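In what follows, a structure is listed as structure tokens, so that the remarks can point back to it.
Hydrogens, waters and symmetry mates play no part in the numbers below; they use all other heavy atoms, side chains included. If you're wondering where the values come from, they're calculated on a predicted model, not measured in any experiment. In what follows, chains are A, B, ... by sequence order, proteins preceding strands, each numbered from 1.
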Amino acid sequence: MIWIGKFDINEISLLIFTVAAYLFVVFSPKKLRREITCMSLLWGISTGIVYDFTIGGGLLDLYRENDTNHYEFFDLVYYALYGPFGYAFMYFYEVMKIRKRTFGYYIAGWALFGVLAQWLFTILHIITYQNNYSLPFAFPIFLFTQSVTGLFYHYVSTVYPNKKLMEKEKIQTE
Amino acid sequence: MAFAVYFFIGWISIICFFVQKKKLSVVENTVLFLCVLIVNLNWTWLIYEELGFITYSHDTWNFIAYLIKRSIIIPLIVLISLNFGRTDASLFKKLTHIIVSSLVILAVTSISHYLKVTTVKDWSILYDFSYYVALHIFGLLIHKWYQTYIVEKENEVLTR
């Protein structure tokens with residue numbers, strides 16, 4: 001476990017990306033309810049952490065984040081960066097009015113965007129692949145993750161709003 | 001053997017959560033599950049990988065059993081406990097739920113030591129118990145924060 005390591009391109013770019021991403025969350029027009037925003041940020045962060053602690057560490061150890069394989073402060077900044085990705089997924093799902101017909105295109109688009117982001121992260125030394133892992137493997141992982149996220153959000157958005165609308169009507173009648 | 005046991009325990013946890021009469025909404029449950037999962041993943045990483053107080057088996061199937069316990073069973077048992085009972089239950093009842101639930105997780109942990117999925121080096125089961133109780137309390141605090149700063153603020157917007 002180290003504190004920061006060598007402060008260079010990966011740390012600087014992570015700070016820029018994370019600040020820019022959270023500025024997007026704060027200043028984007030409100031399309032999602034507060035509960036969904038909170039859930040989407042946590043969904044993004046936990047997805048990143050689950051993958052990092054499952055395939056990015058342990059027996060597989062397919063990639064390294066930042067300077068070492070050990071825990072460091074900027075790993076937390078990296079995990080925090082995943083939050084706005086979760087938010088953006090659900091935000092644009094609403095903005096682009098994704099339905100069953102467009103669901104596949106939306107997921108594939110996000111998977112390609114994920115691979116592109118991973119490629120950028122490897123160039124900036126935020127992620128370093130090891131143990132025979134390479135960028136093409138990231139595509140099925142993203143495809144699977146975004147599909148699960150999309151299906152889950154579809155479920156939540158069909159179950160949750162009805163309850164909220166009922167609450168709103170109840171509040172208005174009172 | 002360990003994989004089969006933990007797959008079964010994981011399956012039971014999912015079924016119990018599915019059939020349970022839940023007092024929290026789907027979004028509340030998701031938020032709580034994810035918060036508990038994040039804390040548990042970081043905690044196990046620190047204790048197992050960084051500090052080496054406990055080690056996990058390097059056998060592939062045992063390692064998958066360890067992943068099931070870490071990522072599914074523990075957060076789900078905490079979630080089942082938080083959904084248990086009435087919203088206005090007394091502090092004593094809530095504390096009883098937490099202790100019983102922590103003992104269940106402790107039993108699951110003991111099985112992992114027994115089946116050599118994990119090996120204790122410099123650790124006490126009492127530390128584990130304290131951590132599981134703290135994890136439940138953390139869940140309750142997150143729920144309180146969520147109700148106060150997320151749900152009530154949203155309701156204020158709705159009533160405007």
## Note on the structure
The reported gap from OH in B/Tyr146 to CE in A/Met39 (rounded to nearest 0.5 angstrom) is 8.5 Å

### Query
Counting only heavy atoms not in A/Phe24, do more than 12 sit closer than 6.0 Å to its CZ atom?
yes

### Message
When you group the ILVMFWY residues by side-chain heavy-atom contacts below 4.5 Å and let the links chain together, are A/Leu23 and A/Phe92 in the same group?
### Response
no

### Task
Can you sort out the partners of A/Tyr153 under ring-ring contact (aromatic ring centres under 6.0 Å, His included), two or more places apart, ordered by chain and number?
A/Tyr93

### Message
Would a single hydrophobic cluster contain both B/Trp123 and B/Ile125, if residues Ile, Leu, Val, Met, Phe, Trp and Tyr are joined by side-chain heavy-atom contacts under 4.5 Å?
### Response
yes

#### Entry: B/Leu37 portion near chain A, given a 4.5 angstrom heavy-atom threshold
side chain

#### Entry: Pairwise distance OG1(A/Thr54) to CG(B/Leu41) - rounded to 0.5 angstrom
6.5 Å

### Query
chain A heavy atoms under 4.5 Å from B/Tyr56: which part of the residue, side chain, backbone, both or neither?
side chain

### Query
Which value, rounded to the nearest 0.5 Å, describes the distance between B/Asn40 atom CG and A/Ile49 atom CD1?
11.5 Å

### Task
Look at atom NZ of A/Lys30 and say whether more than 12 heavy atoms of other residues, nucleotides or ligands are closer to it than 6.0 Å.
yes

### Task
Give the minimum heavy-atom separation between A/Glu35 and B/Val151, together with the two atoms involved.
CG-CG2, 4.2 Å

### Query
B/Trp11 and B/Ile14: same hydrophobic cluster, using ILVMFWY side-chain contacts below 4.5 Å?
no

### Message
Taking B/Phe8 as the starting point, is it possible to reach B/Ile77 by hopping between hydrophobic residues whose side chains are less than 4.5 Å apart?
### Response
no

### Query
Is there a side-chain contact between B/Glu49 and A/Tyr71 (heavy atoms, below 4.5 Å)?
no

## Note on the structure
So, the part of B/Val26 with a heavy atom under 4.5 Å from chain A: the answer is side chain

### Message
Is it the case that atom CZ in A/Phe7 sees more than 12 heavy atoms from other parts of the structure closer than 6.0 Å?
### Response
yes

### Message
Is it true that, when you exclude B/Phe17 itself, more than 12 heavy atoms of the residues, nucleotides or ligands shown sit nearer than 6.0 Å to its CZ?
### Response
yes

#### Entry: Crowding at NZ, B/Lys23 (>12 non-hydrogen neighbours, <6.0 Å)
yes

### Message
Measuring only between side-chain heavy atoms, which start at C-beta, is A/Cys38 closer than 4.5 Å to B/Val31?
### Response
yes

#### Entry: More than 12 heavy atoms from other groups under 6.0 Å of CZ on B/Phe84
no

### Task
State, to 0.1 Å, how close A/Leu42 and B/Ile38 come at their nearest heavy-atom pair, and which atoms those are.
CD2-CD1, 3.9 Å

### Query
Out of B/Trp45, B/Tyr48, B/Tyr66, which one pairs with A/Phe53 under the ring pair (Phe, Tyr, Trp, His ring centres under 6.0 Å) rule?
B/Trp45

### Query
What residues of residues 136-143 of chain A sit under 4.5 Å from chain B when only non-hydrogen atoms are counted?
none

### Message
Can you tell me which portion of B/Ile150 sits under 4.5 Å from chain A's heavy atoms? Options are side chain, backbone, both or neither.
### Response
both

### Query
Should we say atom CH2 of B/Trp61 is surrounded by more than 12 heavy atoms from elsewhere, each under 6.0 Å from it?
no

